[in-house]
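We name chains A, B, ... by the order of the sequence lines, and we start the count at 1 in each one.
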Amino acid sequence: MNLLLKETKRMPLSSALPFSSLQSSKAFLDSESFYDTLLRCCNALTTLKQIHSSLATSGFIVQSPHLGAQIIIKYSKYGDPISAKSLFLDLRGPNSFLWNTMIRAYANGGHPFETLELYLLMRRTGIAPNNYTFPFVLKACASKSLTLFGKLVHGDAIRTGFDSDIFVEAALVDMYAKCGQTEDGRRVFDRMPRRDLVCWTAMITAYEQAERPQQSLILFHQMQQQGLSADSVTVVSVASAVGQLGDAKRAQSVHAYAVRNAFLEDVCVGNSIIAMYAKCGNVENARLVFDRMKERDGISWNSILSGYTQNGEASEALLLFDHMQVSECKPNPVTALIMVSACAYLGSQHLGRKIHKFIIDSKTGIDITLWNTLMDMYAKCGNLDTAIEMFNDRHPSERNVSSWNVLISGYGMHGHGKEALKIFSQMQEEGVEPNHITFTSILSACSHAGLIDEGRKCFADMKKLSVTPEVKHYACMVDMLGRAGLLYEAFDLIKEMPSPPNDGVWGALLLACRIHGNTELGKIAANNLFQLEPEHTGYYVLMSNIYAASSKWHEVGKLREDMKSRGLRKPAAFSVIEFGKEVHGFHTADQLNPYSREVYRKVEGLAVEMKMAGYVPDLSCVLHDVEEEDKQQILNYHSEKLAVAFGIMKIDPEMAIQVTKNLRVCNDCHSAFKFISYIYRRKIIVRDANRFHHFEGGTCSCKDYW
DNA sequence: ATAGGGTTAG
């Protein structure tokens with residue numbers, strides 16, 4: 001043993017030598033070619049470090065730039081530029097190749113700042129950068145969005161004449177794109193005399209990343225006209241662009257293109273096609289692609305799972321999640337995030353807890369993002385207390401803006417506007433800067449609670465905190481003013497908007513017109529909506545509601561005809577209630593639930609009891625022009641009433657009855673639940689498409705303001 | 001001897 005150690009000390013590298021015959025000559029052992037051979041055979045970082053230290057003591061490196069370069073190249077291969085750095089600095093007058101090698105080691109090893117530092121040192125030393133240098137340096141600028149540095153490097157490229165090298169140009173386009181300066185990139189692109197596929201793809205990707213999918217597709221078209229055909233990288237970008245457009249028809253043609261050229265062999269292409277279909281609302285085709293994939297990775301699974309969640313088929317996602325667990329791909333933290341969101345969408349606390357437990361058991365760790373999503377899930381499943389506890393369980397230094405945002409929106413959706421405002425100022429006191437999502441949350445919290453003055457103040461404060469009001473913030477304001485009956489103030493705000501109002505803005509106004517029975521503004525809002533979203537059934541229904549409330553049956557009929565001719569049908573109302581481990585769903589007037597006979601009897605009984613307590617059915621909630629008696633029957637069978645009736649029969653009297661509905665809760669049901677909460681002394685919690693209603697002792701937490 | 005374009009969640 002001792003002998004061996006001695007041996008190693010004297011001849012540290014002999015054991016790494018593959019050719020024993022090479023050891024014979026003393027002269028050879030000290031020669032450059034000996035170390036060269038050694039380096040060529042070296043295949044581990046530890047061996048490389050041994051060779052390095054041996055060379056350093058023998059003083060070889062300084063004499064032989066070739067060996068120095070080999071070591072630096074090797075270090076960069078093993079992703080250890082730090083070890084290469086000191087060697088590099090010891091070298092006397094490294095040439096530009098060595099500089100490039102060192103810069104590359106940093107750039108590819110994920111050390112952008114060190115890359116740039118070295119580049120500056122290179123400039124100061126007076127070594128000229130060349131066509132190889134720029135792509136590495138530009139990549140570093142791109143990865144940290146360092147626009148100014150990027151422009152400086154661009155200037156250097158122009159001065160040295162390398163700005164017309166096709167590799168440098170492609171890197172410039174990419175750098176400007178990643179720095180958010182798409183048009184600067186476009187100028188470089190336009191001035192190129194010759195463009196290959198990589199340059200086109202870089203520009204197509206640039207527009208896609210800038211969320212300008214139309215431009216991406218125009219360029220893709222132009223590229224094909226130039227006689228260039230796409231490869232799988234291009235197709236991935238084009239698929240993302242089509243996904244952003246949400247154009248289902250184009251999605252099919254991109255899919256067909258990918259099939260024709262056998263690009264689906266590439267897993268990435270398959271994944272991006274799945275995501276594209278999901279964003280275009282065609283999750284069925286996404287599933288077909290997923291099912292036909294020869295190989296799937298975690299991203300394939302996550303894409304299809306989130307596809308289902310995005311398209312309102314969260315229960316399908318939960319089914320597929322079970323398949324995933326027995327597949328060769330195990331759930332990762334992103335999967336966890338998707339599944340928690342799926343439970344939040346369903347409003348199912350039982351499933352949410354199950355997933356939460358799964359995450360804890362799988363020990364993959366819960367980062368702050370997942371923690372925030374879990375908080376959000378609990379809030380959306382009606383359990384605001386757990387969300388608050390989870391917020392407090394996290395050390396202040398671990399919380400990020402999203403943690404605060406989730407808490408604010410949680411308070412908001414449960415109608416606690418004052419608390420939301422308190423949290424909003426607390427976060428600012430703690431030095432957390434509000435972002436655009438914070439303002440969406442706080443404005444909608446003010447809206448739910450009818451806190452008009454506070455809301456106006458927050459909206460005005462946005463600019464002070466250098467957050468530019470976006471269309472969605474205007475939508476919140478219109479919603480807030482509109483609900484409060486300030487319809488014309490809301491309309492004036494729309495007219496002042498710097499960018500054209502979208503469906504969210506007009507939708508908020510339309511809803512407000514329904515609450516306050518304003519046909520005039522309602523018509524304006526509806527006409528805009530029919531143009532923007534001709535396929536969206538909800539708006540036809542809302543407008544019909546407005547007409548029905550003032551008995552304009554002729555207009556109601558016209559709208560119904562209009563819907564029919566477009567092939568639209570009112571989405572079925574659906575309410576869900578959890579009973580132990582069972583989840584029970586109720587459609588209006590369906591007989592599918594095993595308890596439906598009991599539930600129907602109960603609901604009719606409830607109507608009688610409520611009437612004795614003073615309840616008057618709100619017949620304006622029935623859209624059809626039918627007999628009064630039929631209207632009462634239709635109201636009784638609303639899905640949320642069926643679910644609540646079920647709850648009264650089955651759920652432990654000590655526990656709250658919690659119901660989730662896919663659409664907004666109707667006026668009549670809202671009034672009925674106040675009576676039921678009083679008569680039966682029960683807490684009823686209803687989550688509708690918009691917010692939570694907590695009924696207790698004859699009142700609702702929304703104070704009839706929703 | 002060295003180089004440029006890519007996918008999932010919120």
Just how far, in rounded Å, is P of B:dT2 from CZ of A:Phe97? 7 Å
Taken to the nearest whole Å, CG/A:Leu138 to P/B:dA3 is 15 Å
With no hydrogens and no angle check, do the side chains of A:Ser409 and A:Ser441 hold a donor and an acceptor under 3.5 Å apart? no
For A:Asp266, answer base if it contacts any base atom (sugar-phosphate contacts may also be present), sugar-phosphate if it contacts only those atoms, and nothing otherwise; contact means non-hydrogen atoms under 4.0 Å. base
Short side-chain N/O contact from A:Lys178 to OP1 or OP2 of B:dG6, under 4.0 Å: yes
Does a nitrogen or oxygen in the side chain of A:Gln209 sit under 4.0 Å from OP1 or OP2 of B:dG5? no
Assess whether side chain to side chain donor-acceptor pair (under 3.5 Å) is satisfied between A:Ser341 and A:Thr309, documenting all intermediate values. CA-CA 8 Å; A:Ser341 311; A:Thr309 315; over 6 Å; no
Verify the stacking flag for A:Phe167 against B:dA3: centroid separation must be under 5.5 angstrom and the ring planes must differ by under 30 degrees. yes
What nucleotide, of B:dG5, B:dA9, B:dT2, holds the atom closest to the side chain of A:Val233? B:dG5
Of the nucleotides B:dG4, B:dA9, B:dT7, which has the atom closest to the A:Ser306 side chain? B:dA9
Check every atom of B:dT8, B:dG6, B:dA9 against the side chain of A:Ile299 and return the nucleotide holding the closest atom. B:dT8
A:Arg186 and A:Tyr207 side chains, donor-acceptor separation under 3.5 Å: yes
Which nucleotide in the list B:dG10, B:dT8, B:dA1 gets nearest to the side chain of A:Ser341? B:dG10
Any donor-acceptor N or O pair under 3.5 Å, side chains A:His436, A:Lys472: yes
If you look at every strand shown and take non-hydrogen atoms under 4.0 Å, does A:Ile166 touch a base, only sugar-phosphate, or nothing? base
From CG of A:Asp376 over to C1' of B:dG10, roughly how many Å is that when rounded to an integer? 10 Å
A:Tyr176 OH - B:dG5 P separation (whole Å): 16 Å
Less than 3.5 Å between a donor and an acceptor, one on the side chain of A:Asp231 and one on the base of B:dG5, is that the case here? yes
Assign A:Leu197 to base, sugar-phosphate, or nothing according to its heavy-atom contacts below 4.0 angstrom with the strands shown. base
Distance only, no hydrogens: is a donor on one side chain within 3.5 Å (strictly under) of an acceptor on the other, for A:Asn282 and A:Asn311? no
Can you tell me the distance, in whole Å, between the CG atom of A:Asn271 and the P atom of B:dA9? 11 Å
Consider the side chain of A:Phe136, meaning its heavy atoms from C-beta on, and name the nucleotide among B:dA9, B:dA3, B:dG6 that approaches it most closely. B:dA3
Closest nucleotide among B:dT7, B:dG4, B:dA3 to the A:Cys199 side chain: B:dG4
Counting heavy atoms from C-beta on, name the nucleotide in B:dT8, B:dT7, B:dG4 closest to the side chain of A:Glu208. B:dT7
How many whole angstroms separate atom CG of A:Leu374 from atom C1' of B:dA9? 13 Å
Just by distance, no angles: are the side chains of A:Thr438 and A:Asn435 close enough, under 3.5 Å, to form a donor-acceptor pair? yes
May I have the distance from A:Ile338 (atom CD1) to B:dT7 (atom C1'), rounded to whole angstrom? 13 Å
Going by atom types alone, do A:Asp376 and A:Asn405 pair a side-chain donor with an acceptor below 3.5 Å? no
Look at the side chain of A:Ser303 and decide which nucleotide, out of B:dT8, B:dG4, B:dG6, has an atom nearest to it. B:dT8
So what does A:Asp196 touch, heavy atoms closer than 4.0 Å: a base, only the sugar-phosphate, or nothing? base
Taking the minimum atom-to-atom distance to the side chain of A:Ala171, which one of B:dG4, B:dA9, B:dT7 wins? B:dG4
Could you tell me whether A:Asp174 contacts a base, only the sugar-phosphate backbone, or nothing, with contacts defined as non-hydrogen atoms closer than 4.0 Å? sugar-phosphate
Of the nucleotides B:dT8, B:dG5, B:dT2, which one has an atom closest to the side chain of A:Thr201? B:dG5
Over how many whole Å does the gap from A:Trp200 atom CH2 to B:dG4 atom C1' extend? 16 Å
Under 4.0 Å, heavy atoms only, any strand: does A:Thr234 hit a base, just the sugar-phosphate, or nothing? base
Under 4.0 Å, counting only non-hydrogen atoms across every strand here, what does A:Asp165 touch: a base, just sugar-phosphate, or nothing? base
